[in-house]
There are 2 protein chains.
Amino acid sequence: MDSSELKRAGLKATLPRLKILEFLETSKVRHMSAEDVYKALLESGEEVGLATVYRVLTQFEAAGLVVRHHFEGGQSVFELEQGKHHDHILCVRCGRVDEFVDETIEERQKKIAKEKGYAMTDHSLYIYGVCGDCQKNG
Amino acid sequence: MDSSELKRAGLKATLPRLKILEFLETSKVRHMSAEDVYKALLESGEEVGLATVYRVLTQFEAAGLVVRHHFEGGQSVFELEQGKHHDHILCVRCGRVDEFVDETIEERQKKIAKEKGYAMTDHSLYIYGVCGDCQKNG
DNA sequence: AATAAGAATGAGAACTCTTCTCATTTTCGT
DNA sequence: ACGAAAATGAGAAGAGTTCTCATTCTTATT
């Protein structure tokens, strides 16, 4: 396990943090709730408390290692930071998540914020729909 | 009090529903949580249970009288339906909420959904920032 | 490598928002 | 006005998340 990423983020290289980071980096699923991370670690035999998972994910978010999303459904979803901003389109049927970037939308948002007199700090855009597979399968 | 709106929406004209609807229609604040509605009714001497407020707002949403938003911060916020779709820009400092419509963004969203193979059902766009007043005052 | 000080962890309590349960009350067609 | 069906209110319960605090781990220093 490599602790340099944590150190670079200003976090001590503790075992739980290393395990969580490693899991996020090796998982094929990119968007996970705290509970998802907790369960996955348990199943792979790692002993990490749920409170720690929440704490660590929040720290990772503050450190910019991870991005937190508020998809519909109430619980936070975390995603490894990949450097490039993107928005999400999700399937309301199966929960699938796809990503996209649209420069035109980005520009319009900046324009709107300026027009309304806001200093824009952030934005979130979610498109909901039924994905191709779910349209076929009923 | 006018019960025709409720009847039109397929809901019995009960006292709690009338009071809640009237409150939503006369309030100057347009975006309110269930708790906000509950407290406001209490203060004006109306006896309505919190569970009923939640239930009724959810029914109003299903009936299309009201739109539910998931602003950051965990709790649902409700807004009287005004016929015309719009998105929101909110101040992270004072909580102020402004509305906007941008046809270009709407179009791009449809295009993206189509490209990704989704049958779009809905979308949510929130811009966060610091409003003009808050920029001046610190 | 041992130590000591401070930070992090884990278990469960606690908290917030929301929904559920069910006995009681209200609505509305007749 | 009556009665069946629906709605309400109070509190319990549930989901997700944060907090508390005693114990354990990390790391800088010997």
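Each chain gets a letter, A, B and so on, in the order the sequences are listed, and its residues count up from 1.
Residue contacts for B:A34: at a heavy-atom cut-off of 4.0 Å it reaches no nucleic acid atom on any strand shown. Note on B:T14: only backbone sugar-phosphate atoms sit closer than 4.0 angstrom, heavy atoms only; bases stay farther off. Within 4.0 Å (heavy atoms only), A:R17 reaches sugar-phosphate atoms of the nucleic acid but no base atom. Note on B:E47: only backbone sugar-phosphate atoms sit closer than 4.0 angstrom, heavy atoms only; bases stay farther off.
With distances taken from any side-chain atom of A:K7 to the nucleotides D:dT27, C:dA11, D:dT8, the minimum falls on D:dT27. Side-chain atoms of B:K12 lie closest to D:dA6 of the nucleotides C:dC20, D:dA6, D:dG16.
Dashed line: the shortest gap from a side-chain N or O of B:S76 to OP1 or OP2 of C:dC17 is not under 4.0 Å. Between A:Y54 and D:dT17, a side-chain N or O to OP1/OP2 separation shorter than 4.0 Å is present.
With the nearest nucleotide of DNA chain C identified for both A:V56 and B:V77, A:V56 has the one nearer the 5' end.
Residues B:S76 and B:H70 meet the side-chain proximity criterion, which asks for heavy atoms closer than 4.5 Å.
Residues B:S3 and B:R17 have side chains that never bring a donor and an acceptor to within less than 3.5 angstrom of each other.
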- CA sep, side-chain torsions, deciding dist, call: B:R8, B:E5, salt bridge (charged side-chain N to carboxylate O under 4.0 Å, His left out): CA-CA 5 Å; B:R8 214 178 306 130; B:E5 279 182 86; 5.3 Å; no
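For the residue pair A:V53 and A:V48, the shortest heavy atom distance occurs at CG2-CG1, 3.9 Å.
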